[in-house]
Amino acid sequence: MFPKYDVIVVGAGHAGCEAAVAAANAGSKVLLVTMNMNTIAQMSCNPAMGGIAKGQIVREIDAMGGYSGIVTDLSMVQFRMLNRSKGPAMWSPRAQSDRMLFAAKWRQMLEQHPNVDFWQEMVSGLLVKQGRVGGVRTSMGLEIESKTVVLTNGTFLNGIIHIGEKKLGGGRAGEKAATGITEQLVNLGFESGRMKTGTPPRLDGRTIDYSKTEIQEGDEHIEGFSFLDIEKPKKQLPCHITYTNTKVHDILRSGFDKSPMFSGRISGSGPRYCPSIEDKIDRFAERDRHQLFIEPEGWDTVEIYVNGFSSSLPEDVQYKALLEIPGFEKVKMFRPGYAIEYDYFPPTQLANSLETNLVKGLFFAGQINGTTGYEEAACQGFMAGFNAHKAANEEEALVLTRDEAYIGVLIDDLINKGTKEPYRMFTSRAEFRLLLRQDNADLRLTPKAYELGMVSEERMARVKKKEEDISKIIDFVKSYSVAPELLESYLEGIESASMFQKMKLDKVLSRPNVSLHAMRSHLPVLDEFLKDFRSEHIETAEIDMKYEGYIQKEQEQVLKMRKLENFVLKESLDYSLLKSLSAEASEKLNRIKPKTLGQASRISGVSPSDISVLMVYLNR
């Protein structure tokens with residue numbers, strides 16, 4: 001009935017979809033197995049992609065040939081570039097998506113791929129022989145063979161939904177949980193744990209009084225996520241902002257005795273940076289209000305997502321509290337918020353390819369690794385899918401380093417430090433964030449992806465053109481001398497010191513608040529020169545010049561870090577024989593088996609003195 005596949009992907013959420021695409025585009029024959037074909041690429045929580053550091057990840061996926069950026073551009077209802085008031089390392093694209101259109105576009109792109117087959121059923125176990133995966137077993141008892149398997153189970157592994165004192169088995173509202181896989185993996189020697197996440201109630205937008213809320217429009221210029229020219233929407237939907245108050249908090253507190261979180265019925269750790277509303281009013285008792293974002297679910301629906309009001313309190317308590325929020329006085333609720341508890345596997349059990357250490361050919365991606373967020377899941381899926389293809393062909397895995405991509409930071413953090421709470425990406429996690437900007441993801445990653453056969457000639461040609469344009473712009477700006485009188489009024493207007501003699505334009509540009517765009521109206525020569533260049537190419541060139549000194553410092557730090565990566569550690573090395581190592585370092589090094597001294601240095605509990613011991617040993 002089934003051929004033998006190169007890659008089987010279990011689960012069709014954000015991780016599963018990108019895994020299927022990455023393997024299929026590389027040439028593997030892929031089977032995507034999902035419990036429900038109608039929920040492929042479902043946005044289980046908020047209808048948005050991107051955000052702080054997450055937007056950079058989506059652009060990195062796109063730069064390497066993944067589909068998340070394209071689908072987001074095709075389905076967005078609003079776009080904003082966050083943190084524009086801060087430095088460019090912090091600029092992060094974010095889009096509100098049409099939830100149904102997002103899923104429909106993903107399914108359409110997957111179905112159009114000749115290398116992707118589909119099967120709708122629950123996977124209840126894996127086929128494992130002599131430490132190697134050989135396929136999957138389904139709930140109907142079917143055995144489907146493959147060379148590799150990627151598990152992207154999301155919140156479905158033994159999932160339990162909590163609403164007040166009610167407990168329902170499920171991986172998502174209205175969908176059953178997946179059973180059998182955790183039990184088998186534990187029997188194979190894997191360590192598992194429990195995590196928790198939650199979602200807010202959904203409301204009827206027709207019953208909201210928007211006059212009592214603050215409007216939040218999208219950016220006038222939509223930059224989007226994909227480096228391809230995807231047509232952007234001609235109009236955008238606004239979001240709105242409202243706030244809780246002390247009355248809302250008092251009503252919510254009245255339900256705390258029935259809260260699964262406070263009663264101990266939920267044992268899993270919840271997301272630190274996206275806490276439930278009850279968690280917020282408990283942890284920040286001194287605050288008398290919390291901000292809520294009213295987010296539309298799409299072009300053709302009245303359903304509203306209340307970002308910031310995630311809750312697992314009884315539905316009647318949630319509803320009573322909502323009625324006290326400005327704009328929600330007459331609101332109707334479509335469905336209550338809930339918490340979901342599910343199994344995950346500490347990611348220190350993985351190699352940096354996302355292949356498991358215990359079973360060859362088996363890869364984990366997404367929430368099974370303890371992460372939270374669509375973007376974090378999607379990039380893991382993409383890397384696991386491509387590396388499953390490489391493993392199926394007995395080729396070397398693709399590993400991105402911390403100085404190459406946020407994706408590299410995320411995977412390096414997971415496998416070396418592990419996580420005991422849902423891991424979310426932030427710009428602060430990346431030590432080289434000025435090198436890892438959203439505007440240069442294509443320059444960083446597309447050439448590497450092209451060499452590996454992951455992207456088209458068209459994409460590579462675009463990158464070459466961008467590189468050439470940036471070089472021309474920088475050459476012009478560094479060689480052009482500007483007279484003081486031409487910029488006198490401009491500099492005065494931004495309260496910048498006057499020029500007393502001719503100055504190279506790049507020296508003027510290095511001043512705070514000075515931009516090429518603003519200077520164009522004062523310098524006809526500059527305006528004439530720049531008119532044939534794309535705005536995003538001009539922006540990248542400007543950043544490279546303005547932050548040249550800082551970029552150089554980060555590049556020097558990268559070189560120092562790479563020296564440690566040159567010290568290779570053998571997998572057969574028994575660290576317990578090195579008596580000068582601390583007991584904790586010895587135990588963790590033996591468990592994680594780092595590939596290099598650089599990787600060893602980033603393992604939690606391995607101190608600089610332990611690294612010195614290893615260096616002495618290697619030099620012998």
Side-chain angles (χ1 to χ4, degrees), residues 131-132 148 150 189-191 345-365 369-370 379-380 382-419 423 429-432 445 448 451-452 557-578 581-582 584-620:
R132 178 171 287 279
T148 60
V150 183
F190 285 90
E191 177 194 346
F345 291 82
T348 50
Q349 302 170 99
L350 303 175
N352 49 13
S353 61
L354 296 180
E355 185 176 21
T356 67
N357 293 328
L358 282 174
V359 178
K360 291 296 170 198
L362 176 63
F363 294 77
F364 290 173
N369 288 337
C379 73
Q380 290 174 73
F382 184 85
M383 296 301 289
F386 184 73
N387 284 333
H389 159 79
K390 298 292 270 184
N393 289 281
E394 297 181 355
E395 294 172 0
E396 191 180 343
L398 167 63
V399 175
L400 296 176
T401 57
R402 297 182 74 89
D403 59 285
E404 288 180 309
Y406 270 93
I407 297 172
V409 174
L410 181 144
I411 293 172
D412 191 73
D413 277 356
L414 291 176
I415 65 166
N416 292 317
K417 298 173 184 172
T419 186
Y423 176 102
R429 295 194 192 272
E431 57 269 56
F432 307 118
L445 297 172
K448 182 185 279 277
E451 279 177 32
L452 292 164
Q557 287 176 305
V558 167
L559 291 175
K560 285 180 187 173
M561 186 188 79
R562 283 186 179 168
K563 283 179 184 174
L564 287 179
E565 300 298 337
N566 292 333
F567 289 94
V568 177
L569 297 167
K570 289 180 181 174
E571 197 170 342
S572 58
L573 178 56
D574 183 353
Y575 294 93
S576 60
L577 299 177
L578 305 181
L581 287 176
S582 69
E584 184 181 5
S586 179
E587 184 264 318
K588 288 187 172 174
L589 290 165
N590 269 328
R591 179 155 52 90
I592 295 169
K593 291 289 184 186
K595 299 279 191 297
T596 67
L597 199 56
Q599 187 187 343
S601 71
R602 296 187 294 276
I603 295 172
S604 177
V606 177
S607 69
S609 62
D610 293 319
I611 296 301
S612 298
V613 170
L614 289 174
M615 201 172 268
V616 169
Y617 169 79
L618 290 170
N619 285 330
R620 278 184 192 159

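What's counted below: heavy atoms across the whole structure, side chains too, no hydrogens, waters or symmetry copies.
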Query raised in the report: Could Arg429 and Tyr406 be counted as a cation-pi pair, given that NZ or CZ must be under 6.0 Å from the ring centre and within 45° of the axis?
Result: no
Report task. For Ile411 and Leu354, run side-chain contact (heavy atoms from CB on, under 4.5 Å): C-alpha distance rounded to whole Å, both residues' side-chain angles, the deciding distance at 0.1 Å, then the answer. Result -> CA-CA 8 Å; Ile411 293 172; Leu354 296 180; 4.0 Å; yes
Query - Rounded distance [0.5 Å steps], CG in Leu569 versus OH in Tyr617 - result: 9.0 Å
Query - Contact list for residues 564-574, test salt bridge (charged side-chain N to carboxylate O under 4.0 Å, His left out), sequence neighbours left out - result: Glu565-Arg602
Query raised in the report: At what distance, to the nearest 0.5 angstrom, does CG of Leu400 lie from CG of Leu445?
Result: 6.0 Å
Query - Closest non-hydrogen atom pair between Ala391 and Phe363, with its separation - result: CB-CZ, 3.9 Å
Requested in this report: Name all pairs fulfilling the salt bridge (charged side-chain N to carboxylate O under 4.0 Å, His left out) condition that reach into residues 349-362, sequence neighbours left out, sorted by first residue then second.
Outcome: none
Query raised in the report: Who are the side chain to side chain donor-acceptor pair (under 3.5 Å) partners of Ser607, not counting sequence neighbours?
Result: Ser609, Asp610
Query raised in the report: Does Thr348 offer a backbone N or O that forms a donor-acceptor pair with the side chain of Lys417 under 3.5 Å?
Result: no
Query - Between Asp412 and Gln599: side-chain donor-acceptor atoms closer than 3.5 Å - result: no
Report summary line: Nearest heavy-atom contact between Asn590 and Ser576 is ND2-N, 3.4 Å
Query - Heavy-atom pair of closest approach, residues Asn357 and Ala351 - result: OD1-N, 3.4 Å
**Report entry** Glu395: partners by side chain to side chain donor-acceptor pair (under 3.5 Å), with sequence neighbours left out
**Finding:** Lys390
**Report entry** Residues that Thr356 engages under side chain to side chain contact (heavy atoms under 4.5 Å, CB included), provided they are two or more places apart
**Finding:** Phe190, Leu350, Val359, Leu362, Phe364
Requested in this report: Applying salt bridge (Lys or Arg N to Asp or Glu O under 4.0 Å), name anything that partners Arg591, two or more places apart in sequence or on another chain.
Outcome: Glu587
Query raised in the report: Under 3.5 Å, is there a donor-acceptor pair between the side chain of Gln349 and the main chain of Pro346?
Result: yes
Query - From CD1 (Ile611) to CG (Leu618), nearest 0.5 Å - result: 9.5 Å
